[in-house]
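Working notes, structure below.
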Amino acid sequence: MKAHDFLTVRDLSGEEIQELFRLALDMKKNPKKYWESLKGKALALIFEKPSLRTRTSFDIGVQQLGGFSLYLSPNEISLGKRESIHDVAKNLERMVQGIMIRTFAHQIVIDMAKHASIPVINGLTDYSHPCQAMADYLTILEHKGSLKGKKLCYVGDGNNVAHSLMFAGARLGVHVTVACPKGYEPNPQALTDALDDAKATGARIEVVTDPIAGVRDADVIYTDVWASMGQEAEAEARKQIFRPYQVNAKLMAAAKSDAIFMHCLPAHRGDEVTDEVIDSKQSVVFDEAENRLHAQKAIMHELMK
Ligand code: CP
Ligand code: NVA
């Protein structure tokens, strides 16, 4: 990997992503082979938002590679308030070999990476969730056997997860359709960047408003919560706006008959997805969750070795 940090999927080339997938699959098959790959190295986990999967997968993942982890909760370091990002970076680089950070503004991870001499991994910002997209496409590869030319339809809010799915789709040649209500489209710069990257692979990246038209011929149907962390005050209003974008049996039936259902989790059952879909045979949400572990072990191995 050429990049020193992993802040967005765009930090990686298509070949580097494929290489990380090969490594992740080998780690999944032969975990013992890598038990000492980060022996004695420590990863700081900075969380300014809640988490189940990201915390567990990084915490356990680094230990499975022979390293240590240190969890720093929102109250602990109070990033930018108790201490500047610069000073946090300069302290941590003296004691640990990598920083994973989950926060609000994307600029915070950019600033952390600028000031820290050690690798910084983005564990979710308001703008992107690159580790999620890596685990997601790894899961699609396992279930579909290949990636290039497949179609993923993301139904719902044009948020951090949607951005990362577009970026990775563009790099891998996967067509990505985002079906969302007017006013909730992906960030215009994210769309421009994905469209630019897609020129090299022929991926079709598009934004539509009609979910039924969006999922036509899709191999993968993906959704996420309608109100992300930090948008709790908008949750009730968003429920009305997003109702037509619920992934239910009727919407699944409009996609390919062998389409898989994906969700980064946590899910709000009965809102963006019904029980019948998330609990169906088509749903691969827990494979996806497990693959956070394998994909991130590959990323940590490459960045911190
Ligand atoms: N998908 C995901 O990042 O889950 P957590 O918010 O629980 O970490
Ligand atoms: N879009 C969601 C993803 C959670 C993993 C959020 O930012 O809250």
Side-chain angles (χ1 to χ4, degrees), residues 6-9 24 43-62 69 71-74 99-109 121-140 152 154-168 176 178-181 184-187 190 220 222-236 238-239 241-242 245-247 261-269 271-273 278 283-297 299-300:
F6 186 50
L7 307 186
T8 148
V9 174
L43 178 72
L45 305 173
I46 302 178
F47 279 94
E48 298 209 289
K49 290 176 177 172
S51 169
L52 170 65
R53 280 146 294 273
T54 305
R55 179 172 178 189
T56 311
S57 51
F58 273 108
D59 203 335
I60 299 301
V62 71
S69 69
Y71 172 70
L72 297 162
S73 74
I99 300 171
M100 189 251 43
I101 170 165
R102 164 169 289 195
T103 187
F104 293 87
H106 192 71
Q107 192 60 41
I108 296 173
V109 297
I121 301 173
N122 176 0
L124 180 145
T125 64
D126 292 344
Y127 187 68
S128 71
H129 197 0
C131 294
Q132 182 67 52
M134 292 296 285
D136 294 339
Y137 283 95
L138 180 65
T139 309
I140 298 169
L152 179 151
Y154 174 95
V155 185
D157 187 23
N159 62 15
N160 44 9
V161 170
H163 295 162
S164 294
L165 290 170
M166 292 195 308
F167 296 149
V176 178
V178 177
C180 56
Y184 295 88
E185 295 90 355
N187 174 294
V220 181
Y222 198 116
T223 192
D224 183 14
V225 290
W226 292 335
S228 286
M229 292 180 276
Q231 298 173 330
E232 289 76 9
E234 294 174 40
E236 273 314 305
R238 281 173 173 252
K239 272 191 189 187
I241 297 163
F242 282 93
Y245 294 82
Q246 181 186 66
V247 180
F261 170 76
M262 301 182 78
H263 192 311
C264 56
L265 305 177
H268 291 164
R269 289 164 174 260
D271 287 344
E272 75 273 4
V273 61
I278 197 168
S283 172
V284 300
V285 298
F286 300 118
D287 293 342
E288 200 184 341
E290 181 192 329
N291 278 338
R292 293 291 302 279
L293 176 71
H294 309 298
Q296 289 160 199
K297 278 170 72 177
I299 293 164
M300 287 188 277

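In each ligand, atom 1 is the first atom listed, and ligand 1 is the first ligand listed. All values below come from the heavy atoms of this structure, side chains included, with hydrogens, waters and symmetry mates left out. Counting begins at 1 with the first residue of the sequence.
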Provide, line by line, the atom pairs where ligand 2 and the protein bring an N/O atom each to a distance under 3.5 Å; else say none.
residue: ligand 2; atom: 1 (N); partner: N159; partner atom: ND2; Å: 3.3
residue: ligand 2; atom: 1 (N); partner: N160; partner atom: OD1; Å: 2.9
residue: ligand 2; atom: 1 (N); partner: D224; partner atom: OD2; Å: 2.6
residue: ligand 2; atom: 1 (N); partner: S228; partner atom: OG; Å: 2.7
residue: ligand 2; atom: 7 (O); partner: N160; partner atom: ND2; Å: 2.8
residue: ligand 2; atom: 7 (O); partner: S228; partner atom: OG; Å: 3.4
residue: ligand 2; atom: 8 (O); partner: M229; partner atom: N; Å: 2.8

Contacts table for ligand 1: protein N or O within a distance under 3.5 Å of ligand N or O, distances only.
residue: ligand 1; atom: 1 (N); partner: Q132; partner atom: OE1; Å: 2.9
residue: ligand 1; atom: 1 (N); partner: C264; partner atom: O; Å: 2.8
residue: ligand 1; atom: 1 (N); partner: L265; partner atom: O; Å: 2.9
residue: ligand 1; atom: 1 (N); partner: R292; partner atom: NH1; Å: 3.4
residue: ligand 1; atom: 3 (O); partner: T54; partner atom: OG1; Å: 3.0
residue: ligand 1; atom: 3 (O); partner: R102; partner atom: NH2; Å: 2.9
residue: ligand 1; atom: 3 (O); partner: H129; partner atom: NE2; Å: 2.8
residue: ligand 1; atom: 3 (O); partner: R292; partner atom: NH1; Å: 3.0
residue: ligand 1; atom: 4 (O); partner: R53; partner atom: NE; Å: 2.8
residue: ligand 1; atom: 4 (O); partner: L265; partner atom: O; Å: 3.4
residue: ligand 1; atom: 6 (O); partner: R102; partner atom: NH1; Å: 2.8
residue: ligand 1; atom: 6 (O); partner: R102; partner atom: NH2; Å: 3.4
residue: ligand 1; atom: 7 (O); partner: L52; partner atom: N; Å: 2.6
residue: ligand 1; atom: 7 (O); partner: R53; partner atom: N; Å: 3.0
residue: ligand 1; atom: 7 (O); partner: R53; partner atom: NE; Å: 3.4
residue: ligand 1; atom: 7 (O); partner: R53; partner atom: NH2; Å: 2.9
residue: ligand 1; atom: 8 (O); partner: S51; partner atom: OG; Å: 2.6
residue: ligand 1; atom: 8 (O); partner: R53; partner atom: N; Å: 3.4
residue: ligand 1; atom: 8 (O); partner: T54; partner atom: N; Å: 2.8
residue: ligand 1; atom: 8 (O); partner: T54; partner atom: OG1; Å: 2.7
residue: ligand 1; atom: 8 (O); partner: R102; partner atom: NH1; Å: 3.4
residue: ligand 1; atom: 8 (O); partner: R102; partner atom: NH2; Å: 3.2

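Across all non-hydrogen atoms, the minimal contact from S128 to S164 is CB-OG, 3.4 Å.
Looking only at side-chain heavy atoms (C-beta outward), L265 and F286 come within less than 4.5 Å of each other. In this structure, the side chains of I46 and I99 come closer than 4.5 Å at one or more pairs of heavy atoms. Looking at heavy atoms from C-beta onward, R102 lies in side-chain contact with H129 at the 4.5 angstrom threshold. Contact of the F47 side chain with the S73 side chain is not registered, since no non-hydrogen atoms from C-beta on lie closer than 4.5 Å.
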(message) Determine whether F242 and D157 satisfy the following criterion, side chain to side chain contact (heavy atoms under 4.5 Å, CB included), listing intermediate values before the conclusion.
(response) CA-CA 8 Å; F242 282 93; D157 187 23; 3.8 Å; yes

(request) Using the side chain to side chain contact (heavy atoms under 4.5 Å, CB included) rule, take K49 and F104 through it: C-alpha gap first, then chi angles, then the decisive distance, then the call. (result) CA-CA 8 Å; K49 290 176 177 172; F104 293 87; 3.3 Å; yes

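Comment: D136 does not engage R292 in a salt bridge, judged by the lack of any side-chain N to carboxylate O separation of less than 4.0 angstrom.
Checked by atom type, the side-chain pair Y222/E288 shows a donor-acceptor distance below 3.5 Å.
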